[in-house]
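See below for the structure under consideration.
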Amino acid sequence: MMRPLLRSRLPLVAAPMAGGPSTVALARAVSSAGAFPFLAGGNTTADALGAEIEEARRLDADFGVNLFALPPRPIDEAAFTAYAAELAEEAAALGVTLEPAPRTDDDSFDEKLELLTRSPVPVVSFTFALPLPEHVAALQAVRSTVLASVTTPQEARAAAEIGVDGLVVQGPDAGGHSATHDPSRTPAPISTPELVRQVVTAVDLPVIGAGGVDGPVAVHRILAAGAQGVAVGTLLLRTDEAGTSPTHRAALADASFTSTSLTRAFTGRSARSLHNAFLERHDASAPTGYPAIHHLTRELRRAADRAGDADRLHLWAGTGWRHAPEGSAADVIRWLAKGV
């Protein structure tokens with residue numbers, strides 16, 4: 001029998017949601033109900049992450065930190081320029097000027113890794129790509145459990161080869177960015193339970209299933225497929241403790257949004273959002289290129305958020321968004337625990 005991957009009373013995990021929704025208050029609420037909380041280390045500075053970690057240490061419970069692994073990738077500059085020109089009218093409508101040159105970075109990866117080896121946390125997970133084997137070994141040397149996010153059995157095998165302790169198996173129904181290691185790939189439709197079954201057959205590692213969790217039945221099915229735990233994100237977006245913006249919160253409850261779609265329109269990497277007008281206008285022409293497209297549209301999206309313009313905002317949401325309740329995150333965890 002495999003050793004337990006995470007230490008929590010329930011096999012439920014609060015997924016890391018970068019950009020605001022994941023907060024220490026959210027971690028405290030889900031932890032109090034018996035779930036395992038994650039902090040989102042992506043799209044923030046190492047200093048800000050360090051401050052969150054120090055606050056989270058006062059939870060008196062284990063927690064994890066998620067990092068973006070972003071190996072350098074070239075971007076088609078002609079495609080970038082054409083997309084920037086296409087978005088100029090959208091930006092002008094919000095009083096924003098787009099930067100004409102592509103900007104790329106590694107999300108301060110080395111700084112954050114140094115932070116986590118100097119000031120260890122119980123669990124560190126990686127998404128978007130795999131870290132180097134020496135990164136995994138360095139974290140394990142300070143007694144952190146290391147997880148890698150995967151979206152196919154092939155990615156799972158590659159993750160096993162670098163020595164990680166476990167996997168987060170993300171199905172394509174998950175909200176926000178896909179964890180696919182190939183940013184040009186749009187994940188093919190597959191249920192999370194079926195993907196979990198494929199991965200546990202392919203590798204001898206404990207896994208957490210993520211994506212399409214819309215209630216206790218989904219939790220039960222993912223666990224029955226062989227997962228040790230189930231990660232939930234979208235169902236926490238409207239809770240009191242989440243840092244979800246008012247515009248995003250309102251959209252999740254707005255009956256005029258009727259579906260979600262995977263799109264590169266907002267960031268240059270496949271991500272599931274409520275299907276809005278920006279996605280409708282630009283999905284077909286959006287190039288692959290994270291983080292360059294993310295940086296290109298960032299101020300536009302921030303302005304849309306401030307203006308309450310949900311039709312120009314990235315509205316990350318999984319397929320179960322209709323079931324996301326208001327109220328305490330602890331109550332959401334207690335509800336989902338019925339499927340354990």
Side-chain angles (χ1 to χ4, degrees), residues 6 8-44 52 55-56 59 61-66 123 125 127 149 168 170-171 173-179 192 208-220 222-223 227 229-254 257 260 271-274 305 313-340:
L6 305 177
S8 59
R9 183 168 56 81
L10 295 170
L12 296 171
V13 177
M17 297 179 285
S22 286
T23 64
V24 176
L26 182 63
R28 183 177 296 108
V30 301
S31 177
S32 73
F36 189 95
F38 265 87
L39 302 179
N43 285 340
T44 190
E52 281 203 345
E55 190 179 351
L59 295 177
D62 278 6
F63 64 94
V65 171
N66 175 254
V123 181
S125 68
T127 192
S149 300
V168 179
Q170 186 203 55
D173 289 340
H177 284 110
S178 169
T192 298
I208 296 165
V213 179
D214 58 3
V217 172
V219 169
H220 176 77
I222 293 170
L223 292 174
V230 177
V232 57
T234 297
L235 291 185
L236 299 172
L237 284 173
R238 297 179 66 215
T239 60
D240 300 338
E241 300 87 358
T244 314
S245 76
T247 305
H248 192 177
R249 281 178 184 270
L252 290 165
D254 187 342
F257 292 105
T260 63
R272 187 170 291 281
S273 168
L274 294 179
D305 200 9
L313 181 62
H314 58 296
L315 301 170
W316 299 153
T319 55
W321 95 98
R322 284 289 189 215
H323 300 273
E326 294 182 300
S328 171
D331 288 340
V332 175
I333 297 302
R334 284 189 279 266
W335 170 53
L336 291 174
K338 295 176 181 178
V340 172

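Numbers here are sequence positions counted from 1.
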Identify the heavy atoms of A218 and G212 that sit nearest to each other, and give their distance.
-> CB-O, 3.9 Å
Show your reasoning for whether side-chain contact (heavy atoms from CB on, under 4.5 Å) applies to L236 and V332.
-> CA-CA 7 Å; L236 299 172; V332 175; 3.9 Å; yes
Partner set under side chain to side chain contact (heavy atoms under 4.5 Å, CB included) for H177, not counting sequence neighbours | F128, T267, R269, A271, Y290, W316
Once you round to the nearest 0.5 Å, how far does CG of L12 lie from CG of L235?
-> 10.5 Å
Spacing of CG belonging to L313 relative to OG belonging to S245, to within rounding of 0.5 Å | 5.5 Å
Between T234 and V213, is any pair of side-chain heavy atoms under 4.5 Å apart?
-> no
T127 (side chain) donor-acceptor with S149 (main chain) under 3.5 angstrom = no
Mark yes or no for whether R238, through its side chain, and P325, through its backbone, hold a donor-acceptor pair below 3.5 Å.
-> no
Closest non-hydrogen contact found for R272 with G318 is CD-CA, 4.0 Å
Which atom pairs, one a donor and one an acceptor, fall under 3.5 Å between side chains of residues 19-38 and the rest of the protein, sequence neighbours left out?
residue: S22; atom: OG; partner: M17; partner atom: N; Å: 2.7
residue: S22; atom: OG; partner: M17; partner atom: O; Å: 3.4
residue: T23; atom: OG1; partner: A25; partner atom: N; Å: 3.4
residue: T23; atom: OG1; partner: L26; partner atom: N; Å: 2.9
residue: T23; atom: OG1; partner: E241; partner atom: O; Å: 2.7
residue: S32; atom: OG; partner: A29; partner atom: O; Å: 2.6

D331: partners by side chain to side chain contact (heavy atoms under 4.5 Å, CB included), with sequence neighbours left out | S328, R334
The single option from L6, I333, V168, V232 that satisfies side-chain contact (heavy atoms from CB on, under 4.5 Å) with V13 is L6
Sorted by first residue and then second, give each ring pair (Phe, Tyr, Trp, His ring centres under 6.0 Å) pair with at least one member in residues 317-336; sequence neighbours left out.
-> none
In Å, rounded to the nearest 0.5 Å, how long is the span from CZ of R249 to CG of L237?
-> 8.5 Å
Ring pair (Phe, Tyr, Trp, His ring centres under 6.0 Å) contacts in which one or both residues fall within residues 9-32, not counting sequence neighbours | none
Only counting residues at least two apart or in another chain, list the ones meeting side chain to side chain contact (heavy atoms under 4.5 Å, CB included) with A251.
-> F257, L274, A310, L315
Expected output: side-chain T260 to main-chain A317 donor-acceptor under 3.5 Å = no
Nearest heavy atoms of L223 and G339, plus distance in Å | CD1-O, 4.3 Å
Run the numbers on L336 and V230 for side-chain contact (heavy atoms from CB on, under 4.5 Å), then give the verdict.
-> CA-CA 10 Å; L336 291 174; V230 177; over 6 Å; no
